[in-house]
Amino acid sequence: MRARTLFDYPVLQAIGSALPLADATFDAAWSLGVLCTTPDQRELLTELRRTVRPPGRVALLTFVARESVDAEQPEGNHFPTTDRLTELVEAAGLRVQSWRSTADLPDIPQEWTRRVDAVTDALAERHGRSQTWQLAERQSNRIGELLAQEKVTGELLVLRHA
């Protein structure tokens with residue numbers, strides 16, 4: 001629940017394909033790095049559309065495969081291709097208002113990088129010997145390799161009701 005601390009917004013932890021929220025509850029929603037970690041991608045997008053009242057917006061940050069990388073992606077990840085992501089968005093009753101590659105975004109400020117490094121170092125010191133931490137590190141490194149090889153890209157979409 002660090003999002004509440006970081007952003008001072010209400011936070012809900014739930015299964016994305018079955019959000020315990022009424023229809024048209026919010027003006028906007030965001031999903032950062034969730035879509036590519038669930039096999040229920042259409043259901044997640046459908047739930048986001050359902051809980052955002054028209055003409056609300058859904059912001060989506062996800063990794064997208066240039067072509068299928070099923071054999072190369074880390075366990076638990078499901079990187080859609082661009083075509084598949086477009087299909088998922090449309091099937092969920094949404095439309096793309098804007099779509100940008102994260103490579104086109106401004107550089108991350110050095111102060112943010114220093115903070116992330118400090119937190120990562122503290123977590124590694126505390127949890128570095130755990131299997132969970134080691135798995136997360138392997139997965140993170142694999143995603144980094146796929147990004148460096150340009151087999152996967154980070155994409156930022158703003159979606160609206162269709």
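- Within the 3.5 Å criterion, the main-chain N or O of E47 finds a donor-acceptor partner in the side chain of T51.
- Under a 3.5 Å cut-off, the side chain of H161 and the backbone N or O of G56 do not form any donor-acceptor pair.
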Give the C-alpha distance, both sets of side-chain angles, the deciding distance and a yes or no for side chain to side chain contact (heavy atoms under 4.5 Å, CB included) between R66 and T153.
CA-CA 7 Å; R66 291 194 184 268; T153 61; 3.5 Å; yes
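- The CD atom of E72 sits 8.5 Å away from atom CD of E67, with the distance rounded to the nearest 0.5 Å.
- With hydrophobic clusters built from ILVMFWY side chains whose heavy atoms lie under 4.5 angstrom apart, L156 shares a cluster with L32.
- In this structure, CD in E75 is found 13.0 Å from OG1 in T37, a value given to the nearest 0.5 Å.
- Residue E90 holds its CD atom at 10.0 Å from CG of L94, rounded to the nearest 0.5 Å.
- When hydrophobic residues (I, L, V, M, F, W, Y) are linked wherever their side-chain heavy atoms come within less than 4.5 Å, the members clustered with V69 are F63, F79, I143, L146, L147, V152.
- Residues R50 and L19 form a side-chain contact, since some pair of their non-hydrogen atoms from C-beta on lies under 4.5 Å apart.
- Among all heavy-atom pairs drawn from S17 and E43, the shortest one is CB-CB, 3.5 Å.
- When all heavy atoms are compared, the tightest approach of H78 to P39 is CD2-N, 3.6 Å.
- Taking OG from S130 and CG from L135, the interatomic distance works out to 9.5 Å, rounded to the nearest 0.5 Å.
- Annotation: R129, atom CZ; neighbour count of heavy atoms from other residues, nucleotides and ligands within 6.0 Å does not exceed 12.
- Residues L61 and S31 form no side-chain contact, since every pair of their non-hydrogen atoms from C-beta on lies 4.5 Å or further apart.
- Considering only heavy atoms from C-beta on, L159 comes within 4.5 Å of L45 through its side chain.
- Side-chain N or O atoms of R42 include none that pairs as donor or acceptor with a backbone N or O of T46 at under 3.5 Å.
- The minimum heavy-atom distance between P80 and L35, with the atom names listed, is CG-CD2, 4.5 Å.
- Not one N or O on the side chain of S140 forms a donor-acceptor pair closer than 3.5 Å with the backbone of A136.
- Side-chain contact between R53 and D27 is present, with at least one heavy-atom pair separated by less than 4.5 Å.
- Using a cutoff of 4.0 Å between basic side-chain nitrogens and carboxylate oxygens, K151 and E145 are not scored as salt-bridged.
- Within the model, atoms CG of L44 and CG of D40 stand 8.5 Å from one another, a figure rounded to the nearest 0.5 Å.
- Across C36 and Q41, no two heavy atoms sit closer than the pair CA-NE2, 4.0 Å.
- By the 4.5 Å heavy-atom criterion applied to side chains, S101 and E155 are counted as neighbours.
- When all heavy atoms are compared, the tightest approach of T81 to S68 is CG2-N, 3.9 Å.
- Between T82 and W99, the closest side-chain pair of non-hydrogen atoms falls below 4.5 Å.
- Atom-to-atom distance recorded for D117:CG and R115:CZ is 12.5 Å, nearest 0.5 angstrom.
- Using a 4.5 Å heavy-atom cutoff, the side chains of Q73 and R142 are not in contact.
- Counted within 6.0 Å of CG on D107, heavy atoms from surrounding residues, nucleotides or ligands total 12 or fewer; the atom is thus considered open.
- In the hydrophobic clustering, where aliphatic and aromatic side chains (Ile, Leu, Val, Met, Phe, Trp, Tyr) are joined below 4.5 Å either directly or transitively, W112 groups with I108.
- Under the 4.5 Å side-chain heavy-atom criterion for Ile, Leu, Val, Met, Phe, Trp and Tyr, V158 and V89 are members of distinct hydrophobic clusters.
- Closest of all the heavy-atom pairs between A29 and V52 is CB-CG2, 3.6 Å.
- At least one side-chain heavy atom of T62 sits under 4.5 Å from a side-chain heavy atom of L85.
- Connectivity analysis of hydrophobic side chains (ILVMFWY, heavy atoms under 4.5 Å, direct or indirect) links W133 to V119, L123.
- The closest side-chain donor-acceptor pair between E111 and T113, if any, does not fall under 3.5 angstrom.
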